[in-house]
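Note that ligands are numbered from 1 as they come in the structure, with each ligand's atoms numbered from 1 the same way.
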Amino acid sequence: METTKFILDERDLPTHWYNVLPDLPEPLPPLVHPGTKEPLPREGPLPPPLFPDAINKQEFSTESYIEIPDEVQQIYKLWRPSPLHRAYGLEKALNTPAKIFYKNESVSPAGSHKLNTAVPQAYYAKKEGFKRLATETGAGQWGSAMALGAMFFGLECKVYMVKVSYNQKPYRRSMIETWGAKVVASPSEDTEIGRRILAEDPDSPGSLGIAISEACEDAFAHDDTKYSIGSVVNHVLLHQTVIGQEIKKQLEMADAYPDVIFGCVGGGSSFGGMILPFIKDKMGGKDLRLVAVEPEACPTMTKGIYTWDFGDVAGFAPIVRMYTLGHSFVPPPVHAGGLRYHGMSPILCHLHKLGLIEARAEHQVATFKAAVTFARSEGIISAPEPAHAIKAAIDEAIRCRESGEAKTILFLLCGHGHFDMAAYDEYLSGRLTDYEYPEEKVKEALASLPEVPTA
Ligand SMILES: *Cc1c(COP(=O)(O)O)cnc(C)c1O
């Protein structure tokens, strides 16, 4: 019998997060103050004081390895180390000579990789004496993970959930409430910015940019509250590096090394967490492709431009240099809700600029087709987001069939699709359609970019 699953012992759980910042061949561009438009000191801290101090330090840290607190490791052990699978079923279905591996982050109690950062964010807020966390969520995966993270440490949690998802994903709401957090549809009446947007447009469907503004405002308005974010920023990618570190050990067990790695990108945290531990190999000349896969409906890296933009709609968050579709971007209603953010992790954008990672975009219908092929060969029903990585991995495996190359392909299954069956229904009944974000709209949105003197 061949080994299909590479499982590490609890004792092999990484004890440190890997910080890529000191290893970058060129430093990241500085952040820019949203008010003064002046560059912020590279060593931090982030103004205004949105995050706990420890998180603020991690955002700018120059240490290569940062110890994972014992309490956090203990909670990680509920589902970590997560399995790495050899996808024999998928290989057979595709009749490919390629070896396909996938790392399965869907085994976390929240159903995705997001709990990897929710737990430490709650831990540091609690340790520094705060009582409450405010955050946003798009499709609900981050809101549910943060609700659970807060629960582990006895913190209150308020989640601003993008209104379309709030109405479309009632069971994500129920999860958030089951774990004891509060959730409201964003834009909401609970914040200044929410009331302003509702006054202009009572039917606003909301966006991640608006929900981030509401959560930030909530954190400013309450002394006992800190803000938490589920993707994009450096410390979130840092926390997610447990994924890539485990994969490296598991590939050793499997006596394999990838030729190409695929992961979906919304804000870039799952992809970053997977590939950052491989980046030194890549910089050292290893023949390895690292490919970020995004939706054609929100093509941040493939059609956006690399420039300075706000992270949120109200301009509370610092201005960052990244690929962006413009902070006023209102995403089309595709099912990969977790991939509908106007910007992208500055670390990943920088790596792309340096030529160390690649990006490609996929259409929605093709990603569901790939997810169904995966479900019918490996059994697991993928979330719509990682279905983008599955689509790219399948394409590569088919190319191998045609060329006869036995490449090693790895992708990240960052979440399951158990709350996305309405989307599968649409696909299976032939009602699902594609949406390509028009170039003119990208140009339009880019007209409202902030002017930054350093740019
Ligand atoms: C949130 C989420 C994403 C997108 O976020 P990243 O930070 O790019 O990982 C992708 N897949 C799943 C399952 C998610 O929950």
Let me see the working for Asp23 and Tyr18 under side-chain hydrogen bond (donor to acceptor under 3.5 Å, both in side chains), right down to the final yes or no.
CA-CA 10 Å; Asp23 289 332; Tyr18 166 63; 2.5 Å; yes
Could you check whether Trp179 and Ser144, counting side-chain N and O atoms only, form a donor-acceptor pair closer than 3.5 Å?
no
Assess whether atom NZ of Lys99 is packed by more than 12 heavy atoms of other residues, nucleotides or ligands within 6.0 Å.
no
Output yes when the distance from some N or O of ligand 1 to some N or O of Gly267 is under 3.5 Å, and no in every other case.
yes
For ligand 1, which atoms sit closer than 4.0 Å to a heavy atom of Gly415?
13 (C)
For ligand 1, which atoms, with element, lie under 4.0 Å from some heavy atom of Cys414?
10 (C), 11 (N), 12 (C), 13 (C)
Polar contact flag, side-chain donor to acceptor under 3.5 angstrom, Thr367-Glu362
no
NZ/Lys369: more than 12 non-hydrogen atoms of other groups inside 6.0 Å
no
Starting from atom 4 (C) of ligand 1, locate the nearest protein heavy atom and write down its residue, its atom name and how far away it is, to 0.1 Å.
Gly338 O, 3.2 Å
Does ligand 1 have any atom that is closer than 4.0 Å to a heavy atom of His416?
no
How does Ser112 reach ligand 1, by side chain, by backbone, by both or by neither, if only non-hydrogen atoms under 4.0 Å count?
side chain
List ligand 1 atoms under 4.0 Å from Gly268, heavy atoms only on the residue side.
6 (P), 7 (O), 8 (O)
Looking only at N/O atoms, are Gly266 and ligand 1 under 3.5 Å apart anywhere?
yes
Strictly distance-based, threshold 3.5 Å: is any side-chain N or O of Glu358 a donor or acceptor partner for the main-chain N or O of Ala292?
no
Take a 6.0 Å sphere around NZ of Lys182 and say whether it holds more than 12 heavy atoms from other residues, nucleotides or ligands.
no
Contacting atoms of ligand 1, where contact means under 4.0 angstrom from a heavy atom of Val265:
8 (O)
Counting from 1, what ligand 1 atoms have a heavy atom of Ser231 closer than 4.0 Å?
6 (P), 7 (O)
Dump the intermediate steps for side-chain hydrogen bond (donor to acceptor under 3.5 Å, both in side chains) on Tyr160 and Asp218, then the final yes or no.
CA-CA 10 Å; Tyr160 294 86; Asp218 181 319; 2.7 Å; yes
Top protein contact for atom 15 (O) of ligand 1, by heavy-atom distance:
Lys114 NZ, 2.6 Å
Is atom NZ of Lys127 surrounded by more than 12 heavy atoms (other residues, nucleotides or ligands) closer than 6.0 Å?
no
Please could you name the atoms of ligand 1 that Ser270 approaches to less than 4.0 Å, counting only its heavy atoms?
6 (P), 7 (O), 9 (O)
Where is the nearest protein heavy atom to atom 10 (C) of ligand 1: which residue, which atom, and how far?
Glu385 CB, 3.5 Å
